[in-house]
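Presented below is the structure to which this report refers.
Note on naming: letters A, B, ... go to the chains in the order of the sequence lines (proteins, then strands), and numbering restarts at 1 for each one. Computed from a predicted model, the values in this text were never measured in an experiment.
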Amino acid sequence: MLNLDLLRREPDHVRVAARRRGIGAEFVDRILELDRERRAAITGVEALKAEKNVLTAQISRAADKKAAAAELRPQIAELDASIAAAGERLPVLEQQIDAELAEIPNILDGSVPDGSDEHANVLVRSWGEPPAFDFEPRPHWEIGERLGILDFERAARLSGARFTVLRGAGARLSRALVGFFLDRAARNGYVEIDPPVLVTRSTMWSTGQLTKFADQMYVVEGDAPDEALYLIPTAEVPLTALHRDEILSGDGLPLRYTAHTPCFRKEAGAAGRDTRGLIRQHQFEKVELVWLTMPERSFDDLETLVSNATGLYEQLGIAYRVMLLCAGDTGFNSAKTYDIEIWLPGANTYREASSCSNCTDFQARRTSIRLRRDATAKPEFVHTLNGSGGAIGRTLAAILENYQRADGGLTVPEVLRPFAGFSAIEPDGSTR
RNA sequence: GGAGAGAUGGCGGAGCGGUUGAACGCGGCGGUCUUGAAAACCGCUGGCCCUUCACGGGGCUCGUGGGUUCGAAUCCCACUCUCUCCUCCA
């Protein structure tokens with residue numbers, strides 16, 4: 001959520017930022033007008049309340065309180081009526097302002113390039129070479145099905161489209177990836193968290209997933225309508241909201257968290273895209289990395305976060321490139337986002353494996369996470385960052401495609417072997 | 001699911017319906033003392049909002065939302081959460 005104060009002080013700045021994202025900016029004047037009305041109403045109500053408080057204090061100081069109360073009661077009743085009348089529109093105005101404000105995306109950082117869609121994203125750097133094969137590399141679903149480690153058919157029977165059953169060495173390899181990712185996160189100083197994957201509506205709202213992305217979310221019914229719980233689409237949600245409504249001490253920052261969780265997404269609007277394989281699933285696993293940090297260093301921290309994520313793919317020996325997302329492609333919460341895309345030989349293309357964002361104070365304001373630099377300082381909002389420190393499914397797909405052998409078997413990347421307990425999968429699905 | 005207890009400031013812990021935004025202790029900050037530190041002593045020490053160039057002024061806030069009252073942290077109702085016991089359970 002944007003700071004109302006920013007709209008008041010620099011409306012043009014907000015207008016420009018909105019246009020860069022390709023959305024209209026009429027909301028600025030609409031909100032400012034509502035805000036003017038709101039403040040006028042507050043001033044009116046509070047003046048009346050102050051008057052009333054004077055009378056009430058008079059009674060409490062009087063020797064004969066009963067008599068004083070009796071005397072002043074008519075005046076107070078009159079004030080009560082005025083207060084009620086003056087404040088009548090206030091809740092409505094506040095609700096309108098909050099509702100409008102909550103739908104505005106974050107202000108983009110100056111370094112974000114112009115552009116309306118992914119074609120305008122900028123290549124920042126790339127690492128590694130796509131491997132050369134002396135045979136036609138297969139897509140991962142073919143490799144996985146041949147080896148008997150990926151089973152899409154039975155998954156469909158259980159749950160429908162966009163689910164996968166991992167079997168034997170496949171399940172094992174997936175678990176190895178989890179271990180590897182969490183291990184590297186710990187080495188990089190992240191504290192491992194095992195959070196709930198069902199969260200309340202207000203938690204989901206606080207990290208900016210609602211109300212804009214409600215159609216992407218699975219909801220679990222509660223006993224009452226307002227007791228519904230949401231399945232997290234990413235561990236960014238519980239990790240970012242972990243310190244909700246807290247004031248953190250400045251010397252404790254940055255806080256860095258990691259979590260391995262399942263993630264659930266409806267993928268509405270993605271019909272027909274990536275229908276095969278592990279790329280786009282309703283349920284997938286991910287290791288997430290989240291920072292709560294000081295405002296002045298958050299953009300430097302974003303670079304660190306990106307290198308934490310890219311380091312994983314260097315160690316796995318998978319070629320990748322880092323893209324800086326353009327204005328139109330940058331997410332709602334984010335001021336600046338880098339995508340890390342890894343090479344998939346079977347698809348002959350790079351695919352997103354991690355999206356690293358600096359959400360500045362946008363989520364912190366919604367979630368109310370603040371910091372106090374020292375004992376006398378005023379609280380200020382922290383900056384939050386998030387990115388995946390390992391997408392399990394997509395990385396598994398990349399490993400299958402990059403490390404496939406001509407005979408249909410698979411070589412396990414060196415760094416994964418201690419976690420997997422084997423170094424290769426043979427064409428018959430056995431491990432070695 | 002059944003029975004009880006409780007939710008107060010960074011922490012602990014008071015609080016007859018009327019200068020209680022909240023005693024007291026701890027912690028934190030500033031100062032005196034000291035070569036320095038500790039101890040001792042003195043002072044300050046929640047958050048949000050409106051208003052003001054500023055100094056300041058004002059409103060709200062004792063789990064949340066309602067109610068009673070001229071006035072509520074204190075009384076009433078509902079909800080949420082925590083703890084103890086029983087029951088059940090991965």
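- Between Arg370(A) and rC48(B) there is a side-chain N or O to OP1 or OP2 distance below 4.0 Å.
- Rounded to an integer number of Å, the gap from NZ of Lys49(A) to C1' of rC70(B) is 16 Å.
- Of the candidates rC48(B), rG18(B), rC50(B), rG18(B) carries the atom nearest the Thr56(A) side chain, counting heavy atoms from C-beta on.
- Side chains of Asn386(A) and Ser357(A): a donor-acceptor N/O pair is absent below 3.5 angstrom, by distance only.
- Among the protein residues, Leu72(A) comes within range of no part of the nucleic acid, since none of its heavy atoms lies under 4.0 Å from any strand.
- Taking atom NZ on Lys378(A) and atom C1' on rG46(B), their separation rounds to 9 Å, with Å as the unit.
- Rounded to whole angstrom, the span from the CZ atom of Arg38(A) across to the C1' atom of rC49(B) amounts to 8 Å.
- Residue contacts for Ala57(A): at a heavy-atom cut-off of 4.0 Å it reaches no nucleic acid atom on any strand shown.
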RNA chain B in dot-bracket form (Watson-Crick or G-U pairs under 3.5 Å, [ ] crossing, | inter-strand) is ((((((((.[[[..)..(.....]]]((((((.......)))))).(((((....)))))..[[[[[..)....]]]]])))))))....
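- When rounded to the nearest whole Å, the span between CZ of Phe381(A) and P of rC48(B) equals 8 Å.
- Side chain of Arg265(A) to backbone of Gln216(A): no donor-acceptor contact under 3.5 angstrom is found.
- Backbone-only contact: Arg8(A) has heavy atoms under 4.0 Å from sugar-phosphate atoms and none from a base.
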